[in-house]
Amino acid sequence: MTDVSTPNNKPATHATGLSNPDAAPASTVRARVNEWFLSNGRDLPWRRPEATAWGVLVSEIMLQQTPVVRVQPVWEEWMERWPTPHDLAAEPAGEVLRAWGRLGYPRRALRLHACAHAIATEHDGVVPNDLPTLLSLPGVGEYTAAAVACFAYRIPATVVDTNIRRVIGRIFHAKALPGPTMTRAQYRAAQALMPAHPNEAGEAADAHYSPAEVAEANTWNAASMELGALVCTARDARCGECPVESVCAWVAAGKPAADYVPRGQAWHGTDRQVRGRVMAVLRESDGPVPHEVMATRDGAERAASAATESRLRSALAELALLTADDAQRASCVRGLVEDGLAVLTSGGEVSLPG
DNA sequence: AACGCGGGGGC
DNA sequence: GCCCCAGCGTT
């Protein structure tokens, strides 16, 4: 079968990126997973009907590499404080970084701030609803663009995140884990599982969807992701709770182990660790911090001893405790300034950007 | 394709 | 300790 326009209610084929001829019918998998989702999906605030497209965008950026449980409280604060892109755009970057807190990868906060500015000034304050425009926003890549189109605007774009890659890999390819980065084959496999096939660009992807197919596609995007988050997890898949256990290729194959060894991210002693501690000090400080405190161990130690506010003192102590030498500390401060996460004052101090 | 980029919780 | 998490931008 080479005709990708055929409704894919039969086993997917090599031509569509799915190579297992015995794979379960896509329509069966979709129906079971979607039904499971209706009663088992979490009631997350950005999924509620009153969530705005802006709220969805904020949630998606925050959720890039950060788990739901840690995002949710911060997202609630942000929505109350900055309910529209205009509100966030009016804020200084430093305030945004402070409010980002410990979500990690603070560059995402800067990009979200830049997003808000772009939306406010170039898009009349309205979050774009088409993939090319979404992709043009800072910090919005293929996944996030599709997620915003789908979850905010009910446009059935093909959403592919790490959960969906794993779920599809197991159900249709008997693969335990999908590998660290998405391949085009995996993207095409996900595309082939949509009720109708979006065109390659994904634009106007709903042109030939019936209303029922639109609903099915949008639910599938959320449901397959949720199945990966709650049941078909990377470790300890709870197959007994899975609605498609009986048709899963990975289960049928005896749950073979992953064929690659994940390479853990180095952490101890890395620039990332140093940068994180420096940013933590900046977040806890009311104003600029002497460069020597950030760039030398002795400076951090003395500042920690002198600090009276407990959270600041703790952040300074954690910075001082790092094994990093002064050259690395200084280099990390330079890097943070280059990245726009910090600025140097004329008085030789380091502070959050204005 | 590979790398840099935070941080915390589960095992 | 190790691994994972609703990725993105750069090289």
Side-chain angles (χ1 to χ4, degrees), chain A residues 41-42 44-47 55-75 97 100-112 114-115 134-152 157-167 176-187 190 221-230 232-238 258 260-283 315 318-319 322 331-332 335-336 338-341:
Chain A
R42 291 167 291 183
L44 301 173
W46 46 85
R47 283 183 182 158
V56 172
L57 175 58
V58 171
S59 78
E60 293 301 341
I61 301 280
M62 287 182 172
L63 286 163
Q64 290 168 1
Q65 299 289 279
T66 303
V68 166
V69 288
R70 291 175 49 206
V71 163
Q72 184 161 343
V74 180
W75 184 89
L97 286 167
W100 190 255
R102 309 184 69 84
L103 289 181
Y105 294 146
R107 298 201 280 207
R108 292 182 293 161
L110 286 188
R111 290 175 182 150
L112 191 45
C115 260
L134 283 165
L135 281 168
S136 75
L137 297 174
V140 176
E142 189 168 28
Y143 162 76
T144 303
V148 170
C150 175
F151 302 141
T158 303
V159 177
V160 189
D161 77 322
T162 186
N163 285 310
I164 292 177
R165 291 193 298 127
R166 184 176 58 253
V167 165
L177 294 175
T181 56
M182 181 171 68
T183 65
R184 297 322 292 172
Q186 286 171 350
Y187 183 82
N221 281 331
S224 53
M225 201 181 310
E226 191 79 335
L227 188 70
L230 299 183
C232 195
T233 52
R235 290 181 298 200
D236 304 326
R238 305 162 164 182
Y260 83 100
V261 182
R263 284 181 44 204
Q265 292 177 331
W267 175 244
H268 185 74
T270 61
D271 283 0
R272 271 200 300 182
Q273 187 184 31
V274 178
R275 289 165 56 106
R277 299 273 171 100
V278 169
M279 290 302 296
V281 169
L282 289 179
R283 285 196 306 268
E318 298 210 332
L319 177 59
L322 292 174
S331 163
C332 285
L336 289 169
E338 283 172 13
D339 291 344
L341 290 163

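Order of the sequence lines fixes the chain letters, A, B, ..., with proteins taken first and strands second; residue numbering starts at 1 for each chain.
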Would you classify A:Pro106 as touching base, sugar-phosphate or nothing, given that sugar-phosphate means primed atoms plus P, OP1 and OP2, and contacts are heavy atoms under 4.0 Å?
sugar-phosphate

Is there a side-chain contact between A:Arg235 and the phosphate of C:dC2, meaning an N or O under 4.0 Å from OP1 or OP2?
no

Using modelled atom types and a 3.5 Å cut-off, is there a donor and acceptor pairing between side-chain atoms of A:Gln186 and backbone atoms of A:Pro178?
yes

First and last nucleotide of DNA chain B in contact with chain A, 5' to 3', at under 4.0 Å to a heavy atom: what are they?
B:dC3 to B:dG10

Can A:Glu142 and A:Arg184 be said to form a salt bridge (charged side-chain N to carboxylate O under 4.0 Å, His left out), step by step?
CA-CA 12 Å; A:Glu142 189 168 28; A:Arg184 297 322 292 172; 3.3 Å; yes

Heavy atoms under 4.0 Å, any strand shown: does A:Thr144 hit a base, just sugar-phosphate, or nothing?
sugar-phosphate

Between the side chain of A:Glu60 and the main-chain N/O of A:Phe151, is any donor-acceptor distance below 3.5 Å?
no

Do any N or O atoms from the side chain of A:Arg283 and from the backbone of A:Gly101 form a donor-acceptor pair under 3.5 angstrom?
yes

Just checking A:Leu44: base, sugar-phosphate only, or nothing, at a heavy-atom cut-off of under 4.0 Å?
base

How many Å lie between CG on A:Asn163 and P on C:dA6, as a whole number?
4 Å

Tell me which donor-acceptor pairs under 3.5 Å the side chains of residues 68-75 of chain A have, and how far apart each pair is, sequence neighbours excluded?
from: A:Arg70; atom 1: NH2; to: A:Arg102; atom 2: O; distance (Å): 2.7
from: A:Trp75; atom 1: NE1; to: A:Gly55; atom 2: O; distance (Å): 2.8

Within the structure shown, what part of the strands sits under 4.0 Å from A:Ala147 by heavy-atom distance: base, sugar-phosphate, or nothing?
nothing

Between the side chain of A:Ser59 and the main-chain N/O of A:Trp46, is any donor-acceptor distance below 3.5 Å?
no

Under 4.0 Å, heavy atoms only, any strand: does A:Thr66 hit a base, just the sugar-phosphate, or nothing?
base

Check every strand shown and say whether A:Trp46 touches a base, only sugar-phosphate, or nothing at a heavy-atom separation below 4.0 Å.
base

Tell me whether A:Arg47 contacts the main-chain N or O of A:Gly41 through its side chain, where contact means a donor paired with an acceptor under 3.5 Å.
no

Return the nearest nucleotide to the side chain of A:Pro67; candidates are C:dC4, C:dC5, C:dG9.
C:dC5

Within the 4.0 Å heavy-atom criterion, would you say A:Ser59 contacts the bases, only the backbone, or no part of the nucleic acid?
nothing

Please check this pair: side chain of A:Arg272 against backbone of A:Trp267, looking for a donor-acceptor N/O pair closer than 3.5 Å.
no

For DNA chain B, the expected dot-bracket line (Watson-Crick or G-U under 3.5 Å, [ ] crossing, | inter-strand) is |||||.|||||

Atom CE of A:Met182 and atom C1' of C:dG9: how far apart are they, to the nearest Å?
15 Å

What is the distance, rounded to the nearest whole Å, between atom CZ of A:Arg272 and atom C1' of C:dG7?
13 Å

Residue whose nearest DNA chain B nucleotide is more 5′ - A:Arg283 or A:Asp236
A:Arg283

A:Arg47 atom CZ is separated from C:dA6 atom C1', nearest whole Å, by 9 Å

Could you tell me how far apart A:Glu142 (CD) and C:dC8 (P) are, to the nearest whole angstrom?
8 Å

Report yes or no: is the cationic atom of A:Arg107 (NZ for Lys, CZ for Arg) closer than 6.0 Å to the six-membered ring centre of A:Tyr105, at no more than 45° off its axis?
no

For A:Asp339 and C:dT10, what is the distance between atoms CG and P respectively, to the nearest whole Å?
11 Å

Rounding to the closest angstrom, what is the interatomic distance between C:dC8 and B:dG8 at atom P?
23 Å

Can you tell me how far P of C:dC8 sits from CG of A:Asp161, to the nearest Å?
10 Å

Sticking with atom P, work out how far C:dA6 lies from B:dC5, rounded to a whole angstrom.
23 Å

Closest-nucleotide mapping onto DNA chain C: is A:Gly139 or A:Ala234 further toward the 5' terminus? I mean the 5' end.
A:Ala234

Just call it for A:Val140: base, sugar-phosphate, or nothing, with non-hydrogen atoms closer than 4.0 Å on any strand.
sugar-phosphate

Given side chains that start at C-beta, do those of A:Val278 and A:Leu336 come closer than 4.5 Å, heavy atoms only?
yes

Identify whether any heavy atom of A:Leu103 sits under 4.0 Å from a base atom; if not, whether one sits that close to sugar-phosphate; answer base, sugar-phosphate or nothing.
base

Should A:Gln64 be listed as having a side-chain N or O under 4.0 Å from OP1 or OP2 of C:dG7?
no

Base, sugar-phosphate, or nothing for A:Arg42, non-hydrogen atoms under 4.0 angstrom?
base

Over how many whole Å does the gap from A:Gln65 atom CD to C:dC8 atom P extend?
9 Å

If you assign A:Pro180 and A:Gly104 each to the DNA chain B nucleotide with the nearest heavy atom, which residue ends up on the more 5' nucleotide?
A:Pro180

Using only atom types and a distance under 3.5 Å, with no angle test, would you say the side chain of A:Arg108 pairs donor to acceptor with the backbone of A:Gln64?
yes

